[in-house]
Amino acid sequence: MVEDVSDFLHNPEWRRQQRWRKAIWTTMSRLGLTGVHALPLNRRWVEIHRRKMPIRGLDPALVGKKIVQISDLHFSPVVWKTYLEQFLDWVNELEPDLVTVTGDLITGGYRYARNVATLLTRLKAPHGVICTFGNHDYSIHGKRPVEAKRRGDYLEKMLEDQGLNVLRNERAELKPEGAIQGLTIVGLDDEWSGNIDPHRGFDGVTPGQPVLCLNHNPANCMDLMEFPWQWMLSGHTHGRQVATSKMGRTLYPHRHRTFTHGYYSVNGRHLYVNRGLSYGQRVLDWCRPEITLFKLERDESGVVSVGAKA
Ligand SMILES: [Fe+2]
């Protein structure tokens, strides 16, 4: 047993340590301690989800391509660089073709905007890294348009200066060599600060075009049904299962609480809510930080409903 514990403390190979980490996690959560995965004993313990991403009308050249989603890094004085770096290295181990970062990159000021841009250059993917913004990326000044714009623009500039692609109600295309039609990626801006503009983001997109939408907060998923996306990748919730409890509903009334974590089929569309990498708000059991790997495939079912208002 002593050898097991020693191995647990010193061996960075997280796959071999499931038993110990699970025991510690369960004990700590029973004691009401949140964010325990950030403690030295657990900080390497990320959950890697692997999912297929069936898309109607996908070009054959895109079949098998890998898209990794990470979210809610919240780089800040309490979420450290070394804590996040290890996850980015594991993202690279998955050999993604494209990496998406779905908002809340920072919780902090201009210094963290600069630092997160440097941090994300650690990611390696042949088709690059696409970032969208969440509420925290506009800081606590999100409701003050002038200051929010200044901070959002600064973060965008820092990221783009480092070669990262920032989509704020804009679109990009994943189009590998040999593809006739690429996968359109629409990145929506943050809703809370009032910067979201789906009409601008989807401008020029036709109903037959395969579209992956990046949208930080999944709460507005139903409001976006008139737009022709097949998949939506979100974050924001940190796996907030507690919000669906009776007490959570009383304390924090909010719409669409059902979209807290994982996969949802919504009116024939596909929604995935990533729990994020940061700690905080992980109150219940079994809510570890998450990296999600999607593998593209052709959807031959023909049942996806796209572009019709729900
Ligand atoms: Fe967040």
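This one's a predicted model, so the numbers in the text were calculated from it and none came from an experiment. One-based numbering, in listed order, for ligands and for the atoms of each.
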Of all N/O/S atoms in [X], which lies nearest to the Fe ion (ligand 1)?
{"X": "Asp104", "result": "OD2"}
{"X": "His238", "result": "NE2"}
{"X": "Asp72", "result": "OD2"}
{"X": "His74", "result": "NE2"}

Q. Near Glu173 CD, under 6.0 Å, is it more than 12 heavy atoms from other residues, nucleotides or ligands?
A.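 Buried by this count: over 12 neighbours within 6.0 Å.
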Q: Verify the distance criterion only: is there a donor paired with an acceptor across the side chains of His127 and Asp97 at less than 3.5 Å?
A: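 No, because no side-chain N or O of His127 sits under 3.5 Å from a partner of the opposite role on Asp97.
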(Q) Checking Ser71 against Gln69: is there a side-chain donor and acceptor pair closer than 3.5 Å? (A)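 Result is no, nothing qualifies.
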Q: Please work out which of the three classes, parallel, tilted or perpendicular, describes the rings of His236 and His216, given edges at 30° and 60°.
A: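 Perpendicular: the ring planes of His216 and His236 meet at over 60°.
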**Q.** His236 backbone or side-chain N/O/S under 2.8 Å from the Fe ion (ligand 1)
**A.**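 No - counting backbone and side chain alike, His236 has no N, O or S atom under 2.8 Å.
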Q) Are Asp59 and Lys65 close enough for a salt bridge, meaning some N to O gap below 4.0 Å? A)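 Here Asp59 does not pair with Lys65 in a salt bridge, since their nearest N and O are not under 4.0 Å apart.
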